[in-house]
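Counting starts at 1 for both ligands and their atoms, in listed order.
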Amino acid sequence: MAQKIPTRLYLAEDEMPKNWYNLRADMKDKPDPILHPGTLAPATAADLEPVFCKETVKQELDQTTRLIPIPEGLQQFYKAYRPSALIRAYFLEKELGTPAEIYYKFEGTNTSGSHKLNSAAAQAYYAKEEGLTTLTTETGAGQWGSAMAMACAFYGLKLIVYMVKVSSQQKPYRKALIETYGARLIPSPSDTTESGCAILAANPQTGGSLGCAISEAIETAVKTGQCRYVLGSVLNHVLLHQSIIGQEVKATFEKYNIKPDIIIGCAGGGSNLGGLIAPFMGEKLSGASQTRFIAVEPASCPSFTRGRFAYDFGDTAKTTPLLRMYTLGSGFIPSANHAGGLRYHGMNSTLSKLYHDGHLEARSALQTDVFDAAVRFAKLEGILPAPESSHAILAAIDEALECKRTGEKKTILFGLTGTGYFDMTAYMAYNEKTMTDHVPSDEELEKGFASIPDIPQNKKPLP
Ligand SMILES: *Cc1c(COP(=O)(O)O)cnc(C)c1O
């Protein structure tokens, strides 16, 4: 008789992971190196340090150290809101009538409302240690800006946040939260930077995009003394920090003797998914498990499922180093009616490599289906999920229903990355049935692909 699993699975403070897990160390086929956009040679620490904090650059380039200690001063901060809840979705299982066991890891209980605080705190911690005074960043839906504002307030740093203009209009409470924590918020594109002015001149009506806010934040970071830029997703050091999620799940599952068959995460730039799956993917790559991993992205911004695997810029102004990733092109601007987050054109390079090599699956979802799943989940499990997280809920429900059809008793884990409290405008659109779906046509995608750099590396046949 199997041991009865409690609804909430606990991990005591002294059982908390003390290390992040660097999945790249256990990948035989490593992700392709970051390239300097001018020379097209692999980027060095010296190339990246004018933009990013030193310690995060070191982590970004480290493909060999498996376990990286979480600094003591950061562990203290993590303890204020971690471990995050790991919950057995008994009510959802019952409603679906599935033999599957469903678990979710809920990252939405801290005030910023999502997993992003895990990396925000790490990046602020390292900036402070390095003696920097100011950080700049961009934010799309506002979660990253909120997380950075909290982290900078805690560690005593100034913060400038470029917020995608349409989001700053749709989400006044996000803006207020960021400002309450003391950050300066600038809707992007703005006239405070050359890249912002250029984008406005070319497209005065634009509601902005993450790529363009990134350009502005980087420009300001390199022009300001004792200032660096921080990014909330996409890069490998961010995935490293987010591995705290997977490390906690792994420690907890081992305690309760649970082995996941399927792990699901929503995918924007890939940080929560990468962090959640990291230790389990490491096991799979070593041959110790057969776990399936599923990325879920919006059909309106389908980097994995319809993108190209190519070297591309991380921003619209084409100022960042080049990353080999699944991308829609840095010139891709997702449709404005898309409320579900996850609007970034590219995808983390490690996840891109794993997807390309067949270790990770991906699917896309319509936002109306995603909100159906969100509301269903909210009514059963009591938590109002973020629209982004709800992509994972939808896939978890689909997999649980598949188990019902086949009679298989699988164990499904998904990442519930955040709360939906700040997304009530989107829920209102859903409730009022004014929410629509937009799936870009091939022609629309071609426009984005045309912005992928025409360099020799992108012409070589892929291995
Ligand atoms: C930012 C965000 C995401 C997507 O970002 P990733 O880097 O892909 O994890 C997902 N869910 C929530 C709640 C977010 O705030």
Are Arg324 and Phe309 in a cation-pi setup, meaning NZ or CZ lies under 6.0 angstrom from the ring centre and within 45 degrees of the ring axis?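 Arg324 over Phe309 ring: yes.
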When you measure from the centre of the six-membered ring of Tyr21, is the NZ or CZ of Arg66 closer than 6.0 Å and no more than 45° off the axis?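 Arg66 over Tyr21 ring: no.
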Which protein heavy atom lies closest to [atom], and at what distance to 0.1 Å?
| atom | answer |
| --- | --- |
| atom 9 (O) of ligand 1 | Asn272 ND2, 2.7 Å |
| atom 12 (C) of ligand 1 | Thr417 OG1, 3.3 Å |
| atom 10 (C) of ligand 1 | Glu388 CB, 3.4 Å |

At a 4.0 Å threshold, what atoms of ligand 1 neighbour a non-hydrogen atom of [X]?
| X | answer |
| --- | --- |
| Ser233 | 6 (P), 7 (O) |
| Gly268 | 8 (O) |
| Ser114 | 13 (C), 15 (O) |

Are Phe414 and Tyr103 an aromatic pair, judged by ring center distance below 6.0 Å?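 When the ring centroids of Tyr103 and Phe414 are compared, they turn out to be at least 6.0 Å apart.
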Under-4.0 Å heavy-atom contact with ligand 1, by part of Leu342 that carries it: side chain
Where on Ala141 is there a heavy atom closer than 4.0 Å to ligand 1, on the side chain, on the backbone, on both, or on neither?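 The answer is neither.
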Does a side-chain N-to-carboxylate-O contact under 4.0 Å join Glu283 and Lys259? no
For ligand 1, find out whether one of its N or O atoms is nearer than 3.5 Å to an N or O atom of [X].
| X | result |
| --- | --- |
| Val234 | no |
| Gly418 | no |
| Gly232 | no |

Test item: side-chain donor near acceptor, [X] and [Y], under 3.5 Å:
| X | Y | value |
| --- | --- | --- |
| Asn272 | Thr417 | no |
| Tyr355 | Glu361 | no |
| Glu107 | Ser84 | yes |

Run down the list Lys116, His115, His391 and name the one with the heavy atom closest to atom 2 (C) of ligand 1. Lys116
Geometric class of the Phe154/Phe77 ring pair [parallel <30°, tilted 30-60°, perpendicular >60°]: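 Rings of Phe77 and Phe154: tilted, 30 to 60°.
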